[in-house]
Amino acid sequence: MSMPESNCAGNLPAPTTVVSLCVSTSPQARAKRKIAALVEEVENLKQEKAIKQRKTTYYVSQGRALRRMVVLYCPLEDLVAENDRRCKDSDGDHTIEQNCLQRGYIELSKTLPWFHEKLASLDFEESEDMLKQLKRGADSARGDDTGTLKELVASWVNIECRPPSFLRADDKHHRGFVNDACGKLLCPAEWCWEDPVVRAGIRDRTTAFIVSENSWPMFMYENYEADAKNLERGLFKSKLLVMGFKAIFTSPSSANEVDGDGDGIDIIENHRRARRRSDHAKVKTCVASIIGMRKVTPRAIAYAACQIRFALSNITSWRTVDGDFDYQLFWNNIVDFFEDPPGPAALARVNKLLEWWTRKVFGRNHRQDLTPDVILHISVNSLASQRQQMEDAAFDSN
DNA sequence: CGGGCAGCCATTGATAGTAT
DNA sequence: ATACTATCAATGGCTGCCCG
């Protein structure tokens with residue numbers, strides 16, 4: 001920065017000749033002034049940049065929770081539109097997809113309690129802008145998670161499965177079904193990856209062995225083993241899944257503490273520390289406390305599962321579809337598994353599973369419901385699924 | 001007080017879409 | 001067919017916190 005000036009000074013005539021050369025040095029003087037002006041301009045630009053950078057908008061940072069807690073791909077506009085539609089004609093039948101959207105809107109309102117009212121106070125253009133910023137935050141958080149899991153999952157697979165050739169942390173090309181370790185984890189639970197016919201069939205994508213979102217991949221099962229006669233046994237209890245979840249929602253390093261039935265104590269400690277401080281904004285805690293997640297939710301599990309599935313695959317950038325496997329539908333399947341169980345018995349099992357998760361992630365002494373659920377001013381149509389369950393219960397008792 | 005860890009953000013690089 | 005644009009994911013840097 002100071003180089004041009006010093007060069008210039010070096011070129012100036014000796015002091016004794018200054019007076020006599022005054023007129024003839026004017027080009028140099030002009031050049032010097034110009035340089036000074038340019039330097040000043042650079043300084044100004046620097047300052048401007050210093051002011052400009054790190055302008056963090058509220059909406060973008062709030063949006064970071066959305067992919068993790070609410071919806072994986074679905075545009076927020078769709079959720080809003082569905083709620084608007086329901087407010088207009090409150091009675092009437094709703095399709096399964098519409099119910100799903102509405103549940104999403106309710107989740108959205110729970111995750112961002114200010115959202116519903118804020119939206120009502122904005123005109124169309126403002127709300128459009130807000131949604132855009134929320135989406136920006138949402139997608140960037142998803143990208144961050146993908147980035148961290150890319151490396152972490154590789155190291156976990158190396159440790160857990162001990163593949164003959166280790167997965168590289170920075171490269172995804174050798175993952176997916178080409179790789180035996182990844183293939184085993186991605187393999188649908190109904191099939192046996194050890195069977196060479198299955199293996200070849202999946203790799204060649206023969207019609208008999210299409211891998212779609214409609215079967216649960218092996219990596220989601222406890223010990224990565226599934227019982228073909230009871231596919232629910234051990235489902236969602238895999239170490240890999242819990243580790244991925246913890247890496248995203250508590251912290252990457254805390255994921256390594258998932259072992260046996262021991263539960264994380266660090267989170268409670270974190271919370272205690274966080275509470276000790278008076279200004280909450282400054283305290284860096286884990287994502288879970290930042291976004292106010294006090295218990296494990298189905299959508300969060302679905303998010304983690306998709307992230308891990310993606311990390312195991314060999315596709316290098318986010319796409320909704322990988323071969324015959326659609327992440328959006330896969331995510332829906334997981335959410336439906338939890339949110340829309342076929343009957344009371346299944347509901348009880350699901351709740352038990354969620355409790356298991358919460359204990360696993362947050363620890364045994366963690367208090368879940370410090371804050372009551374948000375009271376919604378919207379047409380609450382989770383009733384639909386409740387009614388279905390009551391229906392099923394009545395049917396079962398007959 | 002410095003190194004390591006987490007989370008966030010601006011920038012960059014790639015790609016898909018569109019207009020000419 | 002080409003150039004331009006917008007969008008999106010990946011990357012690397014920055015900041016604040018914790019702990020030895």
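Residue numbers start from 1 in every chain, and the chains themselves are labelled A, B, ... in the order their sequence lines are given, proteins ahead of strands.
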Practice prompt. Output all residues satisfying ring-ring contact (aromatic ring centres under 6.0 Å, His included) with A:Phe330, sequence neighbours left out; order by chain, then residue number.
Written response: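 Once residues adjacent in sequence are excluded, the partners of A:Phe330 under the ring-ring contact (aromatic ring centres under 6.0 Å, His included) criterion are A:Phe325.
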Discussion item. Applying ring-ring contact (aromatic ring centres under 6.0 Å, His included), can you list everything that pairs with A:Trp331, at least two apart in sequence or on another chain?
Written reply: none
Discussion item. side-chain hydrogen bond (donor to acceptor under 3.5 Å, both in side chains) for A:Gln328 and A:Asn332? Distances and angles first, verdict last.
Written reply: CA-CA 6 Å; A:Gln328 172 69 65; A:Asn332 286 348; 3.3 Å; yes
Expressed in angstrom and rounded to an integer, what is the separation of [X] atom [atom1] from [N] atom [atom2]?
X        : N      : atom1 : atom2 : result
A:Asp144 : C:dT15 : CG    : P     : 17 Å
A:Asp145 : B:dC9  : CG    : P     : 14 Å
A:Leu134 : B:dC9  : CG    : C1'   : 16 Å
A:Arg136 : B:dC9  : CZ    : P     : 9 Å
A:Arg68  : B:dC8  : CZ    : P     : 6 Å

Worksheet entry | N/O donor-acceptor pair under 3.5 Å between A:Ser212 side chain and A:Asn214 backbone | yes
Worksheet item: Counting only N and O atoms by type, is there a donor-acceptor contact under 3.5 Å from the side chain of A:Arg142 to the main-chain atoms of A:Leu72?
Response: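 Between the backbone of A:Leu72 and the side chain of A:Arg142 there is a qualifying donor-acceptor contact (under 3.5 Å).
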Response to the item:
Which of A:Asn83, A:Val80, A:Leu108 passes side chain to side chain contact (heavy atoms under 4.5 Å, CB included) with A:His116? Answer is A:Asn83
Discussion item. I want to check one thing: is the phosphate of B:dC8, taken as OP1 and OP2, less than 4.0 Å away from some side-chain N or O of A:Arg64?
Written reply: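 Looking at the OP1 and OP2 atoms of B:dC8, one of them is under 4.0 Å from a side-chain N or O of A:Arg64.
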Each nucleotide N or O in nucleotides 5-10 of chain C that has a protein N or O under 3.5 Å away: list the pair and distance.
residue	atom	partner	partner atom	Å
C:dC8	OP1	A:Lys135	NZ	3.4
C:dA9	OP1	A:Arg142	NH2	2.7
C:dA10	OP1	A:Thr316	O	2.8

